[in-house]
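Just so we're on the same page: letters track the sequence lines, and every chain starts at 1.
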Number of protein chains: 2
Amino acid sequence: MKHDSRLSGVLHVLLHMIEAGKPITSEGLAEMMSTHPVVVRRIMAGLRDAGFVHSEKGHGGGWTVICDPASVTLDDIYAAIGSPPVFALGHRSENPACLVEQAVNASLETAFRDAEQLLLERLRTVTLAALAADFHQRYLAKRGTRKDISHAV
Amino acid sequence: MKHDSRLSGVLHVLLHMIEAGKPITSEGLAEMMSTHPVVVRRIMAGLRDAGFVHSEKGHGGGWTVICDPASVTLDDIYAAIGSPPVFALGHRSENPACLVEQAVNASLETAFRDAEQLLLERLRTVTLAALAADFHQRYLAKRGTRKDISHAV
DNA sequence: TCATCATGTAACATTTATTGTTACATGAAA
DNA sequence: TTTCATGTAACAATAAATGTTACATGATGA
């Protein structure tokens with residue numbers, strides 16, 4: 001399987017949208033993510049359905065953030081894109097009749113379930129606003145070496 | 001990407017090998033894993049290099065466990081198969097120049113690193129012997145409904 | 001009204017990793 | 001010396017994310 005970078009990518013453009021304060025087109029977001037506009041629409045559709053962003057057609061249209069960044073966590077975004085599988089490792093078969101495989105699966109499932117719970121807990125502790133604040137800190141630390149907050153590839 | 005079931009699969013056959021107490025051929029192990037003998041050899045090669053199993057050619061040959069199940073943990077087996085990627089989720093680019101992406105990556109990396117550490121900790125607490133014991137418990141609980149410990153698909 | 005911009009979505013192609021298969025060499029046992 | 005079994009390279013099949021094309025829909029502006 002390929003690496004799933006949807007969460008990383010969508011968080012990236014969400015912050016840019018927050019900074020921009022005005023609609024950005026799928027094409028603009030796609031450029032930031034180094035991807036295709038249709039891919040952007042595909043992912044953003046989930047955020048729109050969840051009520052986090054709004055899309056407008058026609059001239060001056062595009063995507064805008066319509067949620068409060070301080071009350072939306074990374075876990076919310078993860079859920080909005082459809083809660084894709086966290087792990088690349090998994091079982092061969094569910095509900096095996098083989099008792100040996102049952103023992104193996106039970107043990108692995110416990111470990112993976114705990115790890116996933118911890119991950120989601122961590123995601124729940126980070127809001128979009130916190131990410132934005134982190135960005136601003138990095139920006140200030142770079143003051144003088146950059147002229148604006150535009151996207152650098 | 002496809003699901004990686006190597007860890008699950010190899011643990012499964014390792015327990016069968018412990019129970020068997022005599023060499024099992026790649027073909028026999030492949031049947032238990034519902035896969036191809038070459039796939040078995042490919043995975044077992046790592047365990048052989050790590051010194052956990054031994055392979056013998058010719059008549060009566062096959063694979064045998066040559067380690068102490070009580071002193072080998074699931075984490076050891078995970079390492080022996082090459083420590084494949086744990087997560088299906090990841091970044092789009094490492095070392096991005098974009099400060100926004102840096103902020104996003106930093107936050108996600110913390111969460112994923114912690115989750116992975118917890119997972120490996122859990123794997124370190126389970127030995128092959130513990131898995132075998134778990135299997136025996138399940139076997140006793142089923143006493144009367146099964147005649148042997150043979151592999152059931 | 002109508003040309004243009006932008007999203008919405010289906011359908012299909014590409015990519016990347018695991019998994020499956022074939023082929024052939026090597027070595028051990030009967 | 002035949003048969004069994006591993007060792008490994010090379011290639012095919014598969015699955016899931018990602019990339020692309022095509023076309024419909026709706027909004028804006030002249």
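The interatomic distance linking R6(B) (CZ) with dG20(C) (C1') rounds to 14 Å, in whole Å. When rounded to the nearest whole Å, the span between NE2 of H3(A) and C1' of dT18(D) equals 14 Å. Spacing between atom CD1 of I24(A) and atom C1' of dA6(C) amounts to 14 Å, rounded to whole angstrom units. Distance L7(A) CG to dA17(D) P: 14 Å, rounded to the nearest Å. What separates NE2 of H36(B) from P of dC11(D) is a distance of 17 Å, to the nearest Å. Straight-line distance from the CD atom of E27(A) to the P atom of dG19(D): 15 Å, rounded to whole Å. H91(B) has its NE2 atom 14 Å from the P atom of dT18(D), to the nearest Å.
Between F87(A) and F87(B), the angle of the ring planes stays under 30°, which puts this pair in the parallel group of the 30/60° scheme. Under the 30°/60° scheme for interplanar angles, the aromatic rings of H12(A) and H16(A) are found to be tilted.
Judged purely by distance below 3.5 Å, without hydrogens or angles, the side chains of H91(A) and E109(A) pair a donor atom with an acceptor atom. A donor-acceptor pair shorter than 3.5 Å can be found between the side chains of E19(B) and H136(B). One side chain, R41(B) or S26(B), offers a donor N or O that lies under 3.5 Å from an acceptor on the other.
Residue T35(A) places no side-chain N or O under 4.0 Å from the OP1 or OP2 atom of dT18(D). Considering only side-chain N and O atoms, S5(A) lies under 4.0 angstrom from the phosphate OP1 or OP2 of dT18(D). A sub-4.0 Å separation between OP1 or OP2 of dG7(D) and a side-chain N or O of R41(B) is absent.
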Every protein N/O within reach of nucleotides 12-15 of chain C N/O, cut-off under 3.5 Å:
residue: dT15(C); atom: O2; partner: K2(A); partner atom: NZ; Å: 3.1

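By the 4.5 Å side-chain criterion applied to Ile, Leu, Val, Met, Phe, Trp and Tyr, I66(B) is assigned to no cluster and stands alone. Within the hydrophobic cluster formed by Ile, Leu, Val, Met, Phe, Trp and Tyr side chains joined at under 4.5 Å, directly or through other members, L118(B) is accompanied by L118(A).
For DNA chain D, the residues of residues 45-66 of chain A within the heavy-atom distance limit of 4.0 Å (strictly under) are K57(A), G58(A), H59(A), sorted by number.
Listed nucleotides dT21(C), dT7(C), dT18(D) differ in distance to S26(A); the shortest reach to its side chain belongs to dT7(C). Comparing dT19(C), dT9(C), dA17(D) against the side chain of D4(B) picks out dT19(C) as the nearest.
Applying the side-chain hydrogen bond (donor to acceptor under 3.5 Å, both in side chains) criterion to D75(B), with sequence neighbours excluded, gives no partner residue.
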Atom pairs and distances, donor-acceptor, side-chain atoms in residues 42-56 of chain A, under 3.5 Å, two or more places apart:
residue: H54(A); atom: NE2; partner: E56(A); partner atom: OE1; Å: 2.7

